[in-house]
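Before any comments, here is the structure.
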Amino acid sequence: MGKPYNNTKATLALAKASFRSIMRSPSAVVFTLAFPLIFILVFGFIGSSEIKVKLAVAPGSDLQNPVIQALEHHSMVSLVKDTDTADIRNGLEKGNIDALINVKKNEAGTPAYLANVQYTSASMDKGSILKSVLNNLLSTLNAKDVKPTVAELYESTVQGRVYRRIDFILPGQLGFSLLSTGVFGTAFVFFSLRQNLVIKRFFATPVKRSSIVFGECLARIGFALLGAIFIIVIGHFFFHFTLIHGAITVLNMLLLSIIGLIVFMGFGFVVSGIAKSESTIPPISNIITLPQFLLSGTFFSIDVFPTWLQPISRALPLTYLNDAMRKVAFEGAGLWDVKHQILIMAIWGIGIYAVAVKTFKWE
């Protein structure tokens, strides 16, 4: 009597064969490695400067004064109000807030107000922009009312980590790589297997359907993790991408990559199920990937979008993967600290796999 069929070995054999196939696929290499690497190189070399300067208003600061009112209408300044002292200090140290301003009436009477500004070394480029803005603004205000002058400016700096353009760009490009691998790779592979009757031949063997799916998924995850490690290493050693806790941060980013890829493969299963021919896969996949690529904070913060567009951006799964990656890499957050982002991705995963079950075809 022969040994029972081992579906675990079948799964690993399918994963190995699929992995070799992926490595030989030019499109897989381009979308997973080449495109993200090109963007990382471009933005890594050109550096950055943000359009908006985030200026926190200290709790207890006078808000009904010419200085704050003028800053509210300045195109380069985004005022952050109603935030407690601990959150402001945390934001300054991490570079999420670029400076803190405290405006109070002067008991002595002249000048009328005293403006105390704290900058952060984590965002010195924006601090320089804000200094120029404040000096010009106060010069204009004081010129209108010389006796007494409107306000006097005091400045200091809070020490924090330097936030580079690569710290924003690399997690976004890693997310784009995972999205492309999950959607395009899964859709093309399963449609091709079905179209070429490979899956039908599998059914003539003892191999289970779950082994076919798990084998392909393992191959995709293995290839995506290699790509993620390559992107992180290039970013860290060539452009000083911040890995606040070193190897622990890398491990957390890889775990987030696995979660993101599993969700994105669900979209690929849906596309392979509803596509009528191989030529319809790219347009359907682009409908899924392009909005996320453009609206999920891949290149710049979604805060720069119009107010009506931001809720749409915050509903996309790639937004939460990018956000979690950035918090883990630069802020040193653990997986529990980004549980909200993981929960949203999990909800997306449950929803998309429910659709995949209804649409996916084996034959």
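Residue numbers start at 1 and run along the sequence shown. If you're wondering where the values come from, they're calculated on a predicted model, not measured in any experiment.
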Give a yes or no on whether [X] and [Y] share a hydrophobic cluster (residues Ile, Leu, Val, Met, Phe, Trp, Tyr; joining criterion: side-chain heavy atoms under 4.5 Å apart).
| X | Y | answer |
| --- | --- | --- |
| Phe214 | Val263 | no |
| Ile229 | Leu179 | yes |
| Leu174 | Phe238 | yes |
| Val80 | Leu71 | no |
| Met265 | Leu255 | yes |

Decide yes or no on side chain to side chain contact (heavy atoms under 4.5 Å, CB included) for Cys217 and Phe269, but give the supporting numbers first.
CA-CA 11 Å; Cys217 289; Phe269 285 122; 4.2 Å; yes
Residue list, side chain to side chain donor-acceptor pair (under 3.5 Å) with Glu72, at least two apart or on another chain
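Applying side chain to side chain donor-acceptor pair (under 3.5 Å) to Glu72 gives Lys81.
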With side-chain hydrogen bond (donor to acceptor under 3.5 Å, both in side chains) as the criterion, how do Ser296 and Thr298 come out once you've worked through the C-alpha distance, each side chain's angles and the decisive distance to 0.1 Å?
CA-CA 6 Å; Ser296 295; Thr298 302; 5.7 Å; no
Is there a donor-acceptor pair closer than 3.5 Å between any side-chain N or O of [X] and the backbone N or O of [Y]?
| X | Y | value |
| --- | --- | --- |
| Ser78 | Val53 | no |
| Ser61 | Val103 | yes |
| Asn286 | Pro282 | yes |
| Glu216 | Val189 | no |
| His74 | Ala70 | no |
| Asn90 | Ala86 | no |
| Ser285 | Ile281 | yes |

Specify the closest pair of heavy atoms between [X] and [Y], including all atoms of both residues, with the distance to one decimal.
| X | Y | answer |
| --- | --- | --- |
| Leu321 | Gly175 | CD2-CA, 4.1 Å |
| Ser279 | Pro283 | O-CD, 3.4 Å |
| Gly266 | Tyr353 | N-OH, 3.4 Å |
| Lys105 | Tyr113 | CG-CE2, 3.5 Å |
| His240 | Asp167 | O-OD1, 4.4 Å |

Verify side chain to side chain contact (heavy atoms under 4.5 Å, CB included) between Val117 and Leu134, making sure each step is shown before the conclusion.
CA-CA 10 Å; Val117 181; Leu134 287 172; 3.7 Å; yes
For Phe330, is the NZ or CZ atom of Lys94 found under 6.0 angstrom from the centre of its six-membered ring and inside 45 degrees of the ring axis?
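No, a cation-pi geometry is absent between Lys94 and Phe330.
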Would you call the rings of Phe188 and Phe184 parallel, tilted or perpendicular, where under 30° means parallel and over 60° means perpendicular?
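Phe188 and Phe184: parallel rings.
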Which class fits the ring pair Phe293 and Phe176: parallel under 30°, tilted 30 to 60°, perpendicular over 60°?
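Correct class here is tilted.
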Step by step, work out the side chain to side chain contact (heavy atoms under 4.5 Å, CB included) result for Asn116 and Ile101.
CA-CA 6 Å; Asn116 192 310; Ile101 188 169; over 6 Å; no
More than 12 heavy atoms from other groups under 6.0 Å of CD1 on Ile248:
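No, not enclosed.
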Which distance, rounded to the nearest 0.5 Å, do you find between the [atom1] of [X] and the [atom2] of [Y]?
| X | Y | atom1 | atom2 | answer |
| --- | --- | --- | --- | --- |
| Gln118 | Leu92 | CD | CG | 7.0 Å |
| Met253 | Leu170 | CE | CG | 6.0 Å |
| Leu295 | Leu318 | CG | CG | 10.0 Å |
| Thr85 | Ile88 | OG1 | CD1 | 5.5 Å |
| Ile352 | Phe264 | CD1 | CZ | 11.0 Å |
| Lys54 | Leu100 | NZ | CG | 14.5 Å |

May I have the list of side-chain donor-acceptor pairs in residues 332-349 shorter than 3.5 Å, sequence neighbours left out?
unit_1 : atom_1 : unit_2 : atom_2 : d
Asp337 : OD2    : Gly334 : N      : 2.8
Gln341 : NE2    : Asp323 : OD2    : 2.6
Trp348 : NE1    : Ala315 : O      : 2.9

Give the intermediate values and the outcome of side chain to side chain contact (heavy atoms under 4.5 Å, CB included) for residues Ile232 and Val250.
CA-CA 8 Å; Ile232 293 170; Val250 174; 4.2 Å; yes
Can a donor-acceptor pair be found between the side chains of Asn96 and Glu331 at a distance below 3.5 Å?
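A donor-acceptor contact under 3.5 Å links the two side chains.
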